[in-house]
Amino acid sequence: MSYQNILSTTNNGITTITVNRPNKLNALNKATIAELHNAFKAANKSKDSKVIIITGSGEKAFVAGADISEFADFDVKNGGKLAAEGQKILFDYIENLSTPVIAAVNGFALGGGLELAMACHFRVASDNAKMGLPEVSLGVIPGYGGTQRLPQLVGKGRAMELVMTAGMIDANQALAYGLVNHVTPQEELIDLAEKIASKIMRNSSVAIKGAIKAINANYKDGVDGYKTEIKQFGKCFGTEDFKEGTTAFLEKRKADFPGK
Ligand code: COA
């Protein structure tokens, strides 16, 4: 597939998707969101893609937000539609993918950029990264899931402060908040994400898929996470991966899982 606003490459089981609008600090316009949807969909389907890493092009920004020039003249109806469509095709979509998604936050992750990172299964950041949800400074609120995912990740009080002040936190503050899992010099960021991806790839992708569903269930209205866990746990017992994983342990060898 060819893209105008993103790059997508797959090597050794890892698909790296790069938002590639460095002149606009990788801001998310409609076309980029649609391309990201297609790239995530393709990677999730592909047997060659066991972990997805998303990052931004250049050294300055992961994604500096939704493209403000595209929505500056929207009315109430269009504003609501923008958030609903974006959440459906990209942000909720990523969160619910069965392939693990790591955000490698390599600079500014603001507004829709931080929301994109937060929709991923977890985040690592370079030491120059800056994160925030500055929407109220523009007269709007976060619309791509930020008001829900930020408090889940950092707690309600910190989320309230960050949103109300429209402030930015640096990578170390984000680490202390639990918003990112690791901080590294920028030149080592992709290496770090790939190292974590390699560890993930040693495990059963079928079991990981079930674990993602069970963990996500905790954050879904009307869904009982414990029941989801029981169901997903039980399902594992009917899989080739379970046979291989337990047999390998008992035979004192490394498991060789059939793959995605
Ligand atoms: N939407 C559209 N364009 C954006 C953008 C966004 N969210 N963020 C940056 N850009 C564009 C700028 O307009 C500029 O384009 P131009 O050169 O054609 O004028 C280019 O990216 C570079 O940005 P610039 O502002 O000149 O860089 P800077 O280093 O001075 O400042 C930021 C960096 C991130 C502090 C600043 O770009 C910014 O505040 N961006 C908006 C952040 C935001 O509010 N995001 C939430 C949106 S809901």
Side-chain angles (χ1 to χ4, degrees), residues 3-7 17-37 54-95 103-120 123 125-154 158-174 177 179-180 183 186 189:
Y3 301 109
Q4 309 299 312
N5 302 286
I6 66 169
L7 307 167
I17 298 174
T18 307
V19 183
N20 190 30
R21 301 180 75 213
N23 295 339
K24 295 290 172 192
L25 301 187
N26 304 321
L28 295 177
N29 59 3
K30 207 174 170 195
T32 306
I33 288 178
E35 288 186 2
L36 283 170
H37 170 82
I54 175 154
T55 193
S57 161
E59 291 178 356
K60 198 167 164 184
F62 174 70
V63 167
D67 192 319
I68 298 167
S69 65
E70 262 192 359
F71 64 74
D73 63 353
F74 275 13
D75 60 12
V76 171
K77 195 173 156 212
N78 285 327
K81 203 169 154 224
L82 180 77
E85 279 177 3
Q87 289 195 18
K88 185 172 170 215
I89 70 165
L90 189 58
F91 299 83
D92 292 353
Y93 189 76
I94 292 175
E95 184 170 73
V105 179
N106 60 313
F108 287 115
L110 301 175
L114 181 55
E115 290 171 305
L116 179 62
M118 292 193 295
C120 298
R123 292 142 290 285
S126 56
D127 51 11
N128 67 320
K130 290 230 160 61
M131 285 160 250
L133 293 178
E135 284 87 346
V136 298
S137 71
L138 298 166
V140 288
I141 69 166
Y144 287 146
T147 63
Q148 306 306 297
R149 292 192 182 100
L150 187 62
Q152 285 167 12
L153 287 163
V154 307
R158 287 166 173 164
M160 284 282 190
E161 183 182 343
L162 204 56
V163 169
M164 287 178 191
T165 58
M168 279 187 216
I169 54 171
D170 65 17
N172 285 321
Q173 186 74 65
Y177 275 12
L179 185 53
V180 302
V183 174
Q186 189 169 53
L189 180 66

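Indexing begins at 1, ligand by ligand and atom by atom, following the structure's order.
At the shortest separation from atom 1 (N) of ligand 1 among protein heavy atoms lies Ile68 N, 3.0 Å. Among protein heavy atoms, the minimum distance from atom 38 (C) of ligand 1 is reached at Leu110 CD1, 4.8 Å. Nearest protein heavy-atom contact of atom 42 (C) of ligand 1 is Ala64 O, 3.4 Å. Scanning the protein for heavy atoms near atom 2 (C) of ligand 1, the closest one is Asp67 OD1, 3.3 Å. In terms of protein heavy-atom proximity, atom 32 (C) of ligand 1 is closest to Leu25 CD1, 4.2 Å.
Distance check for atom 12 (C) of ligand 1: every protein heavy atom is found at 4.0 Å or beyond. Counting protein heavy atoms under 4.0 angstrom from atom 45 (N) of ligand 1 gives one or more. At a distance under 4.0 Å, no protein heavy atom can be found next to atom 25 (O) of ligand 1. Contact annotation for atom 29 (O) of ligand 1: protein present (non-hydrogen atoms, distance under 4.0 Å).
Between Arg158 atom CZ and Ile169 atom CD1 the span is 9.0 Å, to the nearest 0.5 Å. Taking OH of Tyr144 as the reference point, atom CD1 of Ile33 lies at 3.5 Å (rounded to 0.5 Å).
Only the side chain of Ala27 comes within contact range of ligand 1, with a heavy atom under 4.0 Å; no backbone atom does. For Asn23, every heavy-atom contact with ligand 1 shorter than 4.0 Å involves the backbone, none the side chain.
Residue Phe62 comes nearest to Ala109 through the heavy atom pair CD2-CB, 3.9 Å, listed as atom of the first residue, atom of the second, then distance.
By the 30° and 60° cut-offs, the orientation of the rings of Tyr93 relative to His37 is tilted.
With respect to Val183, the side-chain contact (heavy atoms from CB on, under 4.5 Å) criterion is satisfied by exactly one of Asp170, Asp127, Val105, Asn128: Asp127.
Considering each of Arg21, Glu115, Lys24, the one bringing a non-hydrogen atom nearest atom 21 (O) of ligand 1 is Lys24.
For ligand 1, the polar-atom distance check finds an N/O of Ala66 within less than 3.5 Å of one of the ligand's N/O atoms.
At a 4.0 Å cut-off, at least one heavy atom of Pro134 sits close enough to ligand 1 to count as contact. At least one heavy atom of Lys60 sits less than 4.0 Å from an atom of ligand 1.
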For the pair Asp75 and Lys81, evaluate salt bridge (Lys or Arg N to Asp or Glu O under 4.0 Å) and give the outcome as yes or no after the intermediate values. CA-CA 10 Å; Asp75 60 12; Lys81 203 169 154 224; over 6 Å; no
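Under the 3.5 Å distance criterion, the side-chain polar atoms of Thr55 are matched with a main-chain donor or acceptor of Ala104.
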